[in-house]
J.: 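Take this structure first; my questions come after.
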Amino acid sequence: NMIDVFGTLAAAALVLLPCVNRINNQINSMAYFEPFFMGVSDNLQDEINGEKVDMSLTGVTLLRSNSFSESHLLKDVILPSTLTDVEDMVFAGCYGLKEITLPDSLKYIGHSMFFECTSLENVELHSNLEVIGDYSFSRVALKTVNLPKSLKKIGSYAFSGCNFLTELVIPEGITSIGHYAFENCK
């Protein structure tokens with residue numbers, strides 16, 4: 001009888017361990033998000049199942065690398081107006097991501113921030129944005145992009161592989177466009 005109990009517990013641990021590790025890694029990479037977790041404690045299940053993340057009331061100023069990467073079920077994200085810094089690959093590989101609200105406070109879009117977000121068709125870039133990092137929107141389903149006049153730099157491969165992107169107006173203030181920034185765009 002005890003062997004059956006331990007066998008059942010061991011099997012459950014093997015099934016749940018990857019999920020627990022993934023949640024633990026996300027929490028560790030977002031340890032500075034204490035106000036975020038306090039603000040969504042009633043909706044924590046929504047955060048875990050990945051349908052929607054609303055950080056608008058959190059006061060977060062930084063998103064660390066890979067904070068949400070490979071969250072395939074994530075569909076909608078609202079970032080806080082206090083966000084000023086993002087590291088690399090924050091949403092990379094979020095295949096289900098369809099909508100994201102970027103704040104006016106964001107001046108830099110990190111390296112590969114939306115790399116391979118293949119469901120993301122539209123992003124509104126606000127007037128304070130100055131830099132789009134390398135591979136930021138590479139292999140994304142963007143159809144249109146309105147680059148703000150404040151933009152100064154577009155990184156290498158920033159929009160490469162955006163097969164549905166058919167029109168783009170580059171503002172006069174651009175001082176640097178990286179290698180292959182628009183490779184394989186229509």
Side-chain angles (χ1 to χ4, degrees), residues 23 25-117 119-138 140-155 158-159 162 168-171 173-175:
I23 292 167
N25 288 342
Q26 286 187 347
I27 289 172
N28 285 338
S29 71
M30 299 185 299
Y32 50 88
F33 275 102
E34 187 173 318
F36 169 67
F37 285 112
M38 289 187 329
V40 297
S41 59
D42 294 338
N43 277 337
L44 193 54
Q45 185 60 41
D46 291 339
E47 304 306 320
I48 292 170
N49 77 21
E51 291 295 314
K52 181 176 183 176
V53 174
D54 184 349
M55 297 172 44
S56 60
L57 301 176
T58 64
V60 170
T61 59
L62 168 69
L63 287 177
R64 297 230 182 254
S65 294
N66 299 300
S67 294
F68 296 95
S69 65
E70 304 295 327
S71 297
H72 303 298
L73 298 177
L74 188 62
K75 293 181 182 176
D76 185 9
V77 177
I78 300 172
L79 297 175
S81 62
T82 54
L83 184 67
T84 55
D85 296 305
V86 292
E87 293 182 352
D88 300 338
M89 300 181 74
V90 173
F91 296 101
C94 292
Y95 306 125
L97 184 63
K98 292 182 178 192
E99 294 183 43
I100 185 142
T101 303
L102 299 175
D104 291 337
S105 56
L106 196 60
K107 293 185 178 187
Y108 171 78
I109 293 179
H111 182 286
S112 301
M113 185 166 172
F114 297 105
F115 180 75
E116 290 188 340
C117 290
S119 296
L120 187 61
E121 295 181 357
N122 186 32
V123 172
E124 185 176 341
L125 303 176
H126 293 286
S127 61
N128 291 323
L129 186 65
E130 295 178 0
V131 177
I132 296 175
D134 296 345
Y135 295 92
S136 289
F137 294 100
S138 183
V140 174
L142 291 176
K143 293 181 179 181
T144 61
V145 177
N146 293 320
L147 299 176
K149 292 178 183 178
S150 59
L151 192 63
K152 299 189 182 342
K153 179 182 177 187
I154 298 173
F159 294 95
C162 290
L168 182 80
V169 176
I170 298 175
I174 294 284
T175 57

J.: With a 4.5 Å cut-off on side-chain heavy atoms, are V140 and V123 touching?
T.: no
J.: Checking S56 side chain against I78 main chain: does a donor-acceptor pair fall under 3.5 Å?
T.: no
J.: To the closest 0.5 Å, what do you measure between CG (L129) and CG (L147)?
T.: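 Here the rounded value is 8.5 Å.
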J.: Locate the shortest heavy-atom distance separating K98 from L120; write the atom from each residue and the value.
T.: O-CD1, 3.4 Å
J.: Looking at N128 and D104, would you say the former's side chain and the latter's main chain have a donor-acceptor pair under 3.5 Å?
T.: yes
J.: Can you find a pair of side-chain heavy atoms, one from Y95 and one from E70, that are under 4.5 Å apart?
T.: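 Yes - at least one pair of side-chain heavy atoms lies under 4.5 Å apart.
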J.: How about K75 and L73: do any of their side-chain heavy atoms sit closer than 4.5 Å?
T.: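 Side-chain contact under 4.5 Å: no.
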J.: Given 3.5 Å as the limit, does a donor-acceptor pair link the side chain of S69 with the main chain of G93, or not?
T.: no
J.: Set out, in order, the CA-CA distance, both residues' side-chain angles and the distance that settles side chain to side chain contact (heavy atoms under 4.5 Å, CB included) for V145 and F159, then state yes or no.
T.: CA-CA 10 Å; V145 177; F159 294 95; 4.0 Å; yes
J.: Would a 4.5 Å heavy-atom cut-off, applied to side chains only, mark V131 and K107 as touching?
T.: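 A side-chain contact is absent here, since even the closest heavy-atom pair is not under 4.5 Å.
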J.: Test your reading of the model: is there a side-chain donor-acceptor pair from S105 to the backbone of S81, 3.5 Å cut-off?
T.: yes
J.: Measure across P148 and L125 and return the closest heavy-atom pair with its distance rounded to 0.1 Å.
T.: CD-CB, 3.9 Å
J.: When you compare the side chain of L97 with that of F68, does any pair of heavy atoms fall below 4.5 Å?
T.: no
J.: Any side-chain heavy atom of F137 sitting closer than 4.5 Å to one from I109?
T.: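 Touching, per the 4.5 Å side-chain cut-off.
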J.: Could you walk me through whether L151 and E130 satisfy the side chain to side chain contact (heavy atoms under 4.5 Å, CB included) test, starting with their C-alpha distance in whole Å, then the side-chain angles of each, then the deciding distance to 0.1 Å, before giving a yes or no?
T.: CA-CA 4 Å; L151 192 63; E130 295 178 0; 5.7 Å; no
J.: Would you say that V53 contacts D76 through its side chain, given a criterion of any heavy-atom pair below 4.5 Å between the two side chains?
T.: no
J.: Nearest 0.5 Å, please: how far is CG in L142 from SG in C162?
T.: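 Atom-to-atom, C162:SG and L142:CG are 5.0 Å apart.
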J.: Quick one: OG on S119 to NE2 on H72, what's the gap to the nearest 0.5 Å?
T.: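 Separation between the atoms: 11.5 Å.
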J.: Using 0.5 Å steps for rounding, measure from the OG1 atom of T84 to the CG atom of L63.
T.: 9.5 Å
J.: Going from CG on L168 to OG1 on T144, what distance comes out if it is rounded to the nearest 0.5 angstrom?
T.: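 Spacing of CG (L168) from OG1 (T144) equals 9.5 Å.
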J.: Is a side-chain donor or acceptor of T82 paired with a backbone partner of V60 at a separation under 3.5 angstrom?
T.: yes
J.: Is the ring pair F115/Y135 parallel, tilted or perpendicular, if the boundaries are 30 and 60 degrees?
T.: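 Rings of F115 and Y135: perpendicular, over 60°.
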J.: Can you measure from CG (L106) to CG (L79) and round to the nearest 0.5 angstrom?
T.: 7.5 Å
J.: Restricting to non-hydrogen atoms, name the atom on G133 and the atom on A158 that form the minimum distance, rounded to 0.1 Å.
T.: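 Closest pair (atom of G133, atom of A158, distance): O-CB, 3.8 Å.
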J.: Is there a side-chain contact between Y108 and I132 in this structure, where contact means two heavy atoms from C-beta onward sitting under 4.5 Å apart?
T.: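 SC-SC contact between Y108 and I132 ruled out.
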J.: Output yes when a side-chain donor or acceptor of H126 lies under 3.5 Å from a complementary backbone atom of L102, and no otherwise.
T.: yes
J.: Could you tell me whether a side-chain N or O of S65 sits under 3.5 Å from a main-chain N or O of E87, the two making a donor and an acceptor?
T.: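 A pair under 3.5 Å: no.
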J.: When you measure from the side chain of S112 to the backbone N and O of S136, does any donor-acceptor pair fall under 3.5 Å?
T.: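 Side chain of S112 to backbone of S136, a donor-acceptor pair under 3.5 Å: no, none is there.
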